[in-house]
Amino acid sequence: MSRKIVIAGNWKMNKTRAEAAELIKPIVAAIGNKNDISVVVATPFTALETVGNLIGNSSVQLSAQNMCDKASGAFTGETSAAMLRDLHVSHVILGHSERRAIYGETDALVNKKVLAALENNLKPLLCTGETLAEREAGKTLDVNKTQLLAGLEGVSAAQAENVIVAYEPVWAIGTGKTATPEMAQEVHAFIRKVLADKYGEATAQKIRIVYGGSMKPDNVDALLAQPDIDGGLIGGASLVAKDFLALVESGLKAQAKR
Ligand code: 13P
């Protein structure tokens with residue numbers, strides 16, 4: 001059995017609707033109905049409807065970058081899972097290090113969001129990752145294990161198959177510093193072992209674990225050649241259609257070799 005590679009763009013807080021339309025059009029034209037791999041774009045909330053309309057019936061999948069854990073009510077500024085479903089969103093990034101570090105999201109809150117997403121048939125892209133200080137202190141595996149198990153508290157094995165884990169070393173995000181393929185593979189293999197201990201080997205083998213942190217056309221092939229790296233969550237390079245499509249091409253090539 002081979003896991004389907006995921007190439008996911010995280011546009012972060014970039015692109016007005018007009019700019020988002022310009023970016024998505026060549027991507028949709030190139031992907032069409034190809035679905036050998038999963039291609040996902042996580043746009044700002046304000047561009048979801050515009051991009052969703054342009055994606056139409058193509059194979060490109062639409063993601064949000066965050067979500068409220070609550071269903072509805074007095075939560076000013078928040079967006080519910082049902083609101084995302086209403087916009088034909090299928091995925092949601094949860095626990096991104098920017099949400100954790102800048103907006104104070106805790107493991108407990110991320111876990112509530114993961115549960116709410118799964119209950120509403122949204123696939124979470126659950127992010128984990130260590131800071132440079134944590135890596136230098138030898139805490140890399142512990143930090144990722146803690147974030148992963150906390151994020152998946154109360155998630156059943158059947159539900160876990162719909163989770164995509166994104167290993168994003170904080171020191172590699174937006175810095176141009178990429179984890180070497182060997183460094184990333186070590187953490188991915190460890191994450192898969194933690195998943196196997198929790199859910200059993202068969203389930204762990206089905207869960208996609210993607211890498212994020214300065215993934216670019218010139219380093220993607222070596223990363224995707226690693227056995228436990230099942231794709232990428234891409235920031236900067238996802239904002240340029242040509243670069244994102246080069247990453248998709250690499251994903252297709254790597255999938256064909258699996
Ligand atoms: P960069 O690809 O810009 O390093 O961002 C990675 C990221 O945070 C994706 O979620």
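Counting convention: from 1, in listed order, for ligands and their atoms alike. What you are looking at is a predicted structure, and each value in this text was computed from that prediction instead of being measured.
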Looking only at N/O atoms, are Gly236 and ligand 1 under 3.5 Å apart anywhere? yes
Output yes when the distance from some N or O of ligand 1 to some N or O of Gly235 is under 3.5 Å, and no in every other case. yes
Decide whether the shortest distance between a heavy atom of Gly213 and an atom of ligand 1 is less than 4.0 Å. yes
Would the number of heavy atoms belonging to other residues, nucleotides or ligands and lying under 6.0 Å from NZ of Lys177 be above 12? no
Check each of Arg100, Lys113, Lys112 against Glu105 using the salt bridge (Lys or Arg N to Asp or Glu O under 4.0 Å) test, and report the only one that passes. Lys113
Please list, in number order, the atoms of ligand 1 under 4.0 Å from a heavy atom of Ala172. 4 (O)
Do the side chains of Leu148 and Leu233 join up, straight or via other hydrophobic residues, at under 4.5 Å, putting them in one cluster? no
Nearest heavy-atom contact between Ile207 and Glu161 is CG1-CA, 4.3 Å
Which of these passes side-chain hydrogen bond (donor to acceptor under 3.5 Å, both in side chains) with Asn144: Glu168, Lys139, Glu130? Glu130
Ser238 heavy atom under 4.0 Å from ligand 1: no
Determine whether the side chains of Gln185 and Asp228 contain a donor N or O and an acceptor N or O closer than 3.5 Å. yes
Contact between Met183 and Arg135 at the side-chain level, heavy atoms closer than 4.5 Å - yes or no? yes
Judged by non-hydrogen atoms, does Lys12 sit under 4.0 Å from ligand 1? yes
So is there a nitrogen or oxygen of Gly174 less than 3.5 Å from a nitrogen or oxygen in ligand 1? yes
Sub-3.5 Å N/O-N/O distance, Ser214 and ligand 1: yes
Please work out whether any backbone atom (N, CA, C, O) or any side-chain heavy atom from C-beta onward of Asn10 is under 4.0 Å from ligand 1, and answer side chain, backbone, both or neither. side chain
Using 4.0 Å as the upper bound for N to carboxylate O, is an ion pair formed by Arg192 and Asp230? yes
Atoms in ligand 1 with a heavy atom of Leu233 nearer than 4.0 Å: 9 (C), 10 (O)
Looking only at distance, does Glu98 have an N or O less than 3.5 Å from an N or O of ligand 1? no
Note the single closest protein heavy atom to atom 9 (C) of ligand 1, along with its residue, its atom name and the distance in Å. Glu168 OE2, 2.9 Å
